[in-house]
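Heads up: the structure comes next, in structure tokens.
Chain identifiers are assigned alphabetically (A, B, ...) following the order of the sequence lines, protein sequences preceding nucleic acid strands; residue numbering begins at 1 within each chain. Every heavy atom of this structure was used, including side-chain atoms; hydrogens, water molecules and symmetry mates were not.
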There are 2 protein chains.
Amino acid sequence: MLILRDLREGPRKFHELQESLVGISPNTLSSRLKTLEQHGIVERRFYEQHPPRAEYLLTQKGNELRAVIGALRDWGEKHTRG
Amino acid sequence: MLILRDLREGPRKFHELQESLVGISPNTLSSRLKTLEQHGIVERRFYEQHPPRAEYLLTQKGNELRAVIGALRDWGEKHTRG
DNA sequence: CAGTATCCTGCTAGATACTG
DNA sequence: CAGTATCTAGCAGGATACTG
């Protein structure tokens, strides 16, 4: 969910996601991204350069999750304090 | 999520939830319900009778999750086949 | 009926180190 | 930079049996 929340705002690089998802280890992040990719929710674009660059972005199917994430965010903002 | 999906349609008893959530063990169901109760999402109504009766229902806070569950259900129906 | 108690296993995911 | 490899601990949760 937190990955998707980030990707709602545009493509993100691996290290950007890792910085945003405080505490996540690279293997966990990698694993999550692969699962999301397998499910057709996230697309990975890899550029073989030096340094290498990778971007993750929502697919159409992923974009259609915006309604879910948005509803959840609204609920969270309403009911969370602190 | 599946508990909440059920409770959207009205109060449910412990055994009704257990039948609906195929494969869930009673301790797991009990644990989930307690967590939801602690978070103020579900309310438990217990009637000391013979046989005893318990009902679980959404609180106001829980009701406000309908938008989330609904959005997720719509997405699931659109993207799931089989 | 509505749970609790106990036991046990598998998976999630962090820590750490390493590679193209 | 963008990961993979390896190890390990903790915990979620199923199986089963039992209680008021």
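Residues Val68(B) and Asp74(A) have side chains not in contact (no heavy-atom distance under 4.5 Å, counting atoms from C-beta outward). Within the 4.5 Å cutoff, no side-chain heavy atoms of Leu33(A) are placed close to those of Arg44(A). Between Leu36(B) and Tyr56(B), every side-chain heavy-atom pair lies at or beyond the 4.5 Å cut-off. Side-chain contact between Leu29(B) and Ile3(B): present, with at least one pair of heavy atoms (C-beta onward) separated by less than 4.5 Å.
The CG-P distance, from Leu29(B) to dG13(D), rounds to 12 Å in whole Å. Counting to the nearest Å, the C1' atom of dC1(C) and the CD atom of Gln18(B) are 11 Å from each other. With rounding to whole Å, Phe14(A) atom CZ is found 12 Å from dC1(D) atom P. Note: CG (Leu17(A)) to P (dG3(D)) measures 10 Å, nearest angstrom. One interatomic measurement links the two molecules: NE2 of His15(A) to P of dT4(D), which rounds to 17 Å at whole-angstrom precision. Counting to the nearest Å, the P atom of dA2(D) and the CZ atom of Arg12(A) are 13 Å from each other.
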- The dot-bracket string of DNA chain C, counting Watson-Crick and G-U wobble pairs with both distances under 3.5 Å, using [ ] for crossing pairs and | for pairs to another strand, is ||||||||||||||||||||

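In terms of modelled atom types and a separation under 3.5 Å, the side chain of Arg8(A) and the main chain of Arg66(A) share no donor-acceptor contact.
Taken to the nearest 0.5 Å, the OG1 atom of Thr35(B) stands 9.5 Å off from the CD1 atom of Ile41(B). Between the OG1 atom in Thr59(A) and the CD atom in Glu43(A) there is a gap of 7.5 Å [rounded to 0.5 Å].
Between Ser25(B) and the phosphate of dG13(D), there is no side-chain N or O to OP1/OP2 separation shorter than 4.0 Å. Residue Thr28(A) has a polar side-chain atom (N or O) positioned under 4.0 Å from OP1 or OP2 of dG14(C).
Taking every heavy atom of residues 32-56 of chain B and every atom of DNA chain D, pairs under 4.0 Å involve Arg32(B), Pro52(B), by number.
Leu2(B) and Trp75(B) fall within the same hydrophobic cluster, defined by Ile, Leu, Val, Met, Phe, Trp and Tyr side-chain heavy atoms under 4.5 Å apart, directly or through other members. Under a hydrophobic-cluster definition in which Ile, Leu, Val, Met, Phe, Trp and Tyr are linked whenever side-chain heavy atoms come within less than 4.5 Å, directly or via other members, Val22(A) and Met1(A) are assigned to different clusters.
Between Lys13(B) and Asn27(B), the one whose closest nucleotide on DNA chain C sits nearer the 5' end is Lys13(B).
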